[in-house]
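Input: a single structure, listed below in structure tokens.
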Amino acid sequence: MKTENKNMRIIEPAKTAGKQAQEEPKYKSVDPVMLDAMPEDVAFIRSTDVCKLLNISNSTLRNLRAEHAIPFYKLGGTFLYSKEEIMNYLASNYSRRI
């Protein structure tokens with residue numbers, strides 16, 4: 001005696017007619033933020049700009065702040081980063097890829 005569950009479906013992979021299915025890339029590219037492109041009178045940048053500059057996620061930036069690995073300032077609920085200190089951080093942690 002077989003019982004069938006009406007909620008279960010068998011999903012089959014899509015078949016292509018001789019052509020490979022074009023897959024979307026797993027990761028989307030991120031455009032880097034160039035600090036030199038920012039106006040000279042800007043002394044501080046926000047978290048989103050730092051994330052783009054370092055090519056890291058917001059949670060990674062949060063972890064760097066918690067470990068005091070990256071210099072930051074907090075004004076109210078906004079985290080600010082000095083352009084000069086971020087450039088020094090990049091220079092001190094730079095490692096050349098071989």
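Residue numbers start at 1 and run along the sequence shown.
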Nearest heavy-atom pair of Pro71 and Tyr81: which atoms, and what distance?
O-CD2, 3.4 Å
For Ser59, side-chain hydrogen bond (donor to acceptor under 3.5 Å, both in side chains) partners two or more places apart
Ser57
Excluding sequence neighbours, so at least two apart, what forms side-chain hydrogen bond (donor to acceptor under 3.5 Å, both in side chains) with Tyr89?
none
Pairwise side-chain contact, [X] with [Y], heavy-atom cut-off 4.5 Å (strictly under):
X     : Y     : result
Ser47 : Arg62 : no
Lys83 : Ile45 : yes
Thr78 : Leu80 : yes

Before you tell me yes or no, could you show the steps for Thr48 and Asn58 under side-chain contact (heavy atoms from CB on, under 4.5 Å), namely the whole-Å CA-CA distance, both residues' side-chain angles and the distance that decides it to 0.1 Å?
CA-CA 8 Å; Thr48 54; Asn58 194 21; over 6 Å; no
Look at the aromatic rings of Phe79 and Phe72 and report parallel, tilted or perpendicular, splitting at 30° and 60°.
perpendicular
Qualifying residues under side-chain contact (heavy atoms from CB on, under 4.5 Å), relative to Ser82, sequence neighbours excluded
Phe44, Tyr73, Glu84, Glu85
Starting at CD1 of Ile70, measure out to CD1 of Ile86 and round the result to the nearest 0.5 Å.
4.0 Å
If I take atom NZ from residue Lys74 and atom CZ from residue Arg65, how far apart are they, to the nearest 0.5 angstrom?
8.5 Å
Any donor-acceptor N/O pair, Thr60 side chain to Ile56 backbone, under 3.5 Å
no
